[in-house]
Amino acid sequence: MKKISNNPENYVPEMLAGLLAAHPGRLKSVAGDVHCIVRADSPVEGKVGIVAGGGSGHLPVFLGYVGRGMLDGCAVGDVFASPTIDQMYETTKAVDGGAGVLHLFGNYGGDVMNFAAAADQADMEDSIQVATVLVVDDVASAPADRASSRRGVAGMVYAFKIAGALAEEKASLAQVKAIAEHCLANTRSMGVALGPCTVPQVGKPTFTLGDDEMEIGMGIHGEQGVRRGKLQTADEILDQLIQPILDDIALGGSEVSVMLNSLGGTPLEELYIMYRRLLEVLNRHNVTVYRPYIGRFATSMEMVGASLTVLKLDSELKRLLDAPASTPFFDQGQNV
Amino acid sequence: MKKISNNPENYVPEMLAGLLAAHPGRLKSVAGDVHCIVRADSPVEGKVGIVAGGGSGHLPVFLGYVGRGMLDGCAVGDVFASPTIDQMYETTKAVDGGAGVLHLFGNYGGDVMNFAAAADQADMEDSIQVATVLVVDDVASAPADRASSRRGVAGMVYAFKIAGALAEEKASLAQVKAIAEHCLANTRSMGVALGPCTVPQVGKPTFTLGDDEMEIGMGIHGEQGVRRGKLQTADEILDQLIQPILDDIALGGSEVSVMLNSLGGTPLEELYIMYRRLLEVLNRHNVTVYRPYIGRFATSMEMVGASLTVLKLDSELKRLLDAPASTPFFDQGQNV
Amino acid sequence: MTTTLDTKQIKALMGAVADDLMAHKDDLAALDAELGDGDLGRTIERGFIAIKEALTGTLPDDIGRALFQLGKTFSNAAPSSFGALYGTALMKSGTALKDKLTVTLPECADAIQAALDALIERGKAQVGDKTMLDAIAPAITAMRAALADSGDDVSAAVVLRAAAVAAQHGADETANLQSKIGRASWQGERSTGKKDPGAQAIAYMFAAVADYLEAQL
Amino acid sequence: MTTTLDTKQIKALMGAVADDLMAHKDDLAALDAELGDGDLGRTIERGFIAIKEALTGTLPDDIGRALFQLGKTFSNAAPSSFGALYGTALMKSGTALKDKLTVTLPECADAIQAALDALIERGKAQVGDKTMLDAIAPAITAMRAALADSGDDVSAAVVLRAAAVAAQHGADETANLQSKIGRASWQGERSTGKKDPGAQAIAYMFAAVADYLEAQL
Ligand SMILES: Nc1ncnc2c1ncn2[C@@H]1O[C@H](COP(=O)(O)OP(=O)(O)O)[C@@H](O)[C@H]1O
Ligand SMILES: Nc1ncnc2c1ncn2[C@@H]1O[C@H](COP(=O)(O)OP(=O)(O)O)[C@@H](O)[C@H]1O
Ligand SMILES: [Mg+2]
Ligand SMILES: [Mg+2]
Ligand SMILES: [Mg+2]
Ligand SMILES: [Mg+2]
């Protein structure tokens, strides 16, 4: 696909410069590096800081969720590439308000190991207490008995929202970590790709799919899915997204929030076509939907396809989901 | 591009069914027709009702802006096709709270003539006072001396926001009409397409562009632009979007709001790359930016490309732009 | 003897127009793709399918109300520019022929004139702006001329053939005009050289009517 | 006489490794595309360009601090899984060799063992999980065996050649393993049959060192 870009090498820094210029009252960069982005009012005294990080190309993930009620900071890497240890460390340091910092991000090797090194450094050099929670919501990436090795996809947005809401109430680091874990224990995702995307520095599509093919369970960087199949109807696709989730977590009779997410290229219209079917299926399982999120929450550049995330609610998760949040890409008042 | 769809003929009704099911507290359909969508609390007693309408495939335009502080209702047509007179009439009737109704929509022949017939019918059969304002913001579609024949593109979102805010204050129909006209007199847009989109019922792309080509000034249904040219850098593209606007309306020294809008397929990352440049150019012209809107506000399914809209502000427009609004696709608190 | 057409004949004519236009939908779509957005084929198809359906159902007995209802049907089934305008044309002709069970050829011409006036009012275009008006106006003139030449008892086929020839000529001439209205106008000067699809659709309609009437002789 | 390497030689070795790995970046990228996301070529390029740059600048005089700094440099320049781990490996080797201006071959083996332990701690993988560990572990074993066989005055070239052969063997063997860690693990059983790109990168490194040392003889 054609890109609107100057020099591909500058794709990310120019994007970040534009983003910082667009939201000066809300965001700032630290350590003289546009890749280290925090809330303009950071550090918030006495509040646990929540830091995410990962590759670019997934807007609004990650940095789009930096703001009141969600993330305090984000270390931003190149397209689909990890930020550096230094960037993670500087971001961590900048959001520490004395109550410690939670590193909350997807289970990708580079991110995991760099965040670990950054946490060590923050502890060693600045005595900042850092806790870590990995997002592992993608049921397609490993069976239930190896659930901790799953990769993180759109479910991380729920974790940002829930943990961010509790942190805003000045809960302790242990509490914020615990609620993030509790949220993720109740979060499952599954995606389907109908077409690839193009990383600007690479210039060609990340993978190829036949005109009549789709890839079930594909990852957000084009990592292989569960299987490749013939392109199906919206209803059939939705069924393939919800079934593995129903098989993985007991939802019967419960209340859930759902996120139907376009990977970028798929228009919102088609998400609503799928949502119609989702309600039918959930109704059959006696599951009721609270606060559906339908839109682009975690993308892969212009990839065609969609993902479904389900968050099984209890009263505490519901309360925190309802809490207001305000970031450049996510604005939620009190009303449903 | 591949679609997530069942039967193409059901693309729009299924989308609308999903949308209504997703936002039951906010939206309802009237006259037993999912194509007639109004605020759940319609009609609002004593408030001017604002009705838009037009083809599907442009989400959030139009129906995504039905909600507090923006539209009261929307008549929805098939993809890129006008709704019917009946649908417009029923929607108009459903939002009339006794203060009259403003028809506010883009200058497309079918819509214009059908809305005129619907207004006649509402007057004749129900004595509803109807005023009409056409959105004609696209500078590419006609020279300044035939400005009233221009087509309407993303600038309509500003008109919805401004007129909607005044209507919420229970202003009269004449006042709401006047502010919509004033807003549009200060609104200009210009777009560029890098790739086509596919209408589900047609199944093939609406137009073709070479791998190294782009079309400057293309319309949101693929109507021909000002010229076809070689694919350029982000900065060059931005220059081509802002220059015709600067040539068309005196901005020097003023304060403006800008909307950098993806036509669908172009990722947000690239809008921010362009925004960086936009600020440079506007700074040079001594124009300051207030409340930039950067995202997908008016799309053409999955079309690759972007549009730029500029709204020249005065104190009244600024006040109304700042007013809160809350729709399924547009949530704005008091904060910038 | 004054030539007249009754409700049944008018309905049969509308059926013939529907069949003929549907057969031309692809070439009209192609013309619209050149100058507009290419949806005229779909408009024709949807609108005339609805008309055919209405013709098999119960329509009012008088010509005026029948045409009025067919016009509403067309507009709601095919809500595009052409659909809105063609629907308006049928409705206004219908209003002009209210309560009539038969219609004379001069009354026909008057009804089409009433439709043209309504189109100008609704569409804000003028003859010469490169629209369907440029086929309708010469057709009316030709009908009146044929009637003036030959008197009231001229056959409907002759009068309508004259109209059809004039309409086609008018449609062809639109290629020399620059568009002043609708989608095509956004192309400015580049619109010159391309024939207006709406005008061609009108020309097909008059030809279909003439063909049908000639076949009845 | 005990064989030792000094800071200058270590730096030269690092330069040789950098040149060699950059020459292999495309085939490493291809292996990673099969099993992961295909970015290993870019990691190698960015990381070793930064290493080469650091080598031309001012590095600490002692081997330990020099390696530590090169490790930090690599990780920050190429912040992927491989980049983080390889940087960790250099940093931990460096910690093991702090303050040393020369290093013996057994000390070398110990330093690499320290790196391996750190990788296991950081990466949570085990030998046999189809990762770079599966090339490092046999290389250490082979070094120790060569030293045990021939005593302290064996040439560095001989010991490192043994390591290189073992590392390549280990890398080749990863093709028979099912991935338990990282991106490749998401493929489950489909990962069997494909060689681990990180293990191959390690094998190239040992080979580059052996080549360089042999060329010095
Ligand atoms: N304002 C108008 N007055 C008269 N005829 C018009 C007008 N606008 C459009 N037309 C006719 O309608 C035709 C296009 O119809 P259609 O394809 O339905 O338009 P659109 O797709 O723009 O809604 C034109 O070729 C022209 O003949
Ligand atoms: N946890 C781990 N422990 C040891 N080696 C690992 C680990 N994760 C990945 N690797 C190694 O790194 C290689 C992939 O590196 P890289 O392409 O940078 O990964 P990614 O693109 O997933 O960040 C693998 O082939 C493997 O040898
Ligand atoms: Mg049209
Ligand atoms: Mg058309
Ligand atoms: Mg990677
Ligand atoms: Mg990789």
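Quick caveat, the model's predicted, so the values are computed rather than measured. Proteins come first, then strands; the chains are lettered A, B, ... in the order of their sequence lines, and each starts at number 1. Heavy-atom basis, side chains included; hydrogens, waters and symmetry copies ignored.
Both the backbone and the side chain of A/Leu268 have a heavy atom closer than 4.5 Å to some heavy atom of chain B. Proximity to chain B is absent for every atom of A/Arg277, based on heavy atoms less than 4.5 angstrom apart. Contact of B/Leu231 with chain A is made through the side chain alone, with heavy-atom distances under 4.5 Å. Within the 4.5 angstrom heavy-atom criterion, atoms from both the backbone and the side chain of A/Leu19 approach chain B. Only the side chain of A/Ile294 comes within contact range of chain B, with at least one heavy atom under 4.5 Å from a heavy atom of that chain. Contacts of A/His58 with chain B are made by backbone atoms alone, with heavy-atom separations under 4.5 Å and no side-chain atom involved. Of the two parts of B/Met301, the backbone and the side chain both hold a non-hydrogen atom closer than 4.5 Å to a non-hydrogen atom of chain A. Using a 4.5 Å cut-off between heavy atoms, B/Ile237 contacts chain A through its side chain alone, with no backbone atom that close.
A donor-acceptor distance shorter than 3.5 angstrom exists from the side chain of B/Glu269 to the backbone of A/Leu59, with no hydrogens or angles considered.
With contacts defined as side-chain heavy-atom distances shorter than 4.5 Å, the pair A/Ile242/A/Met274 does not qualify. The shortest distance between side-chain heavy atoms of B/Cys197 and B/Thr206 falls below 4.5 Å. Two residues are said to be in side-chain contact when any heavy atoms from C-beta on lie closer than 4.5 Å; B/Val256 and B/Thr288 fail this criterion. Counting only heavy atoms from C-beta outward, the side chains of B/Tyr275 and B/Val258 approach each other to under 4.5 Å. Side-chain atoms of B/Asp331 and A/Gln332, non-hydrogen and from C-beta on, never get closer than 4.5 Å to each other. Between B/Leu209 and B/Arg228 the shortest side-chain heavy-atom distance falls below 4.5 Å.
For chain B, the option among A/Gly64, A/Gly264, A/Ala22, A/Gly265 with the highest count of heavy-atom pairs below 4.5 Å is A/Ala22. Contact count against chain A (heavy-atom pairs under 4.5 Å) is highest for B/Gly57 among B/Ser56, B/Gly57, B/Gly305. When each of B/Asp211, B/Asp212, B/Val289, B/Leu238 is scored by its heavy-atom pairs under 4.5 Å with chain A, the top score falls to B/Asp211.
Residues A/Lys2 and B/Gly210 share a closest heavy-atom pair of NZ-O, 2.8 Å. Of all the heavy atoms in B/Pro267 and A/Glu302, the pair that sits closest is CG-OE1, 4.1 Å. The shortest heavy-atom contact between A/Ala193 and A/Met303 is CB-SD, 4.0 Å.
Taking non-hydrogen atoms and a 4.5 Å limit, the residue list of residues 10-18 of chain B in contact with chain A, ordered by number, reads B/Tyr11, B/Glu14, B/Met15, B/Ala17, B/Gly18.
Contacts of A/Ser189 classified as side-chain contact (heavy atoms from CB on, under 4.5 Å), with partners at least two apart in sequence or in another chain: A/Asp137, A/Val153, A/Thr309.
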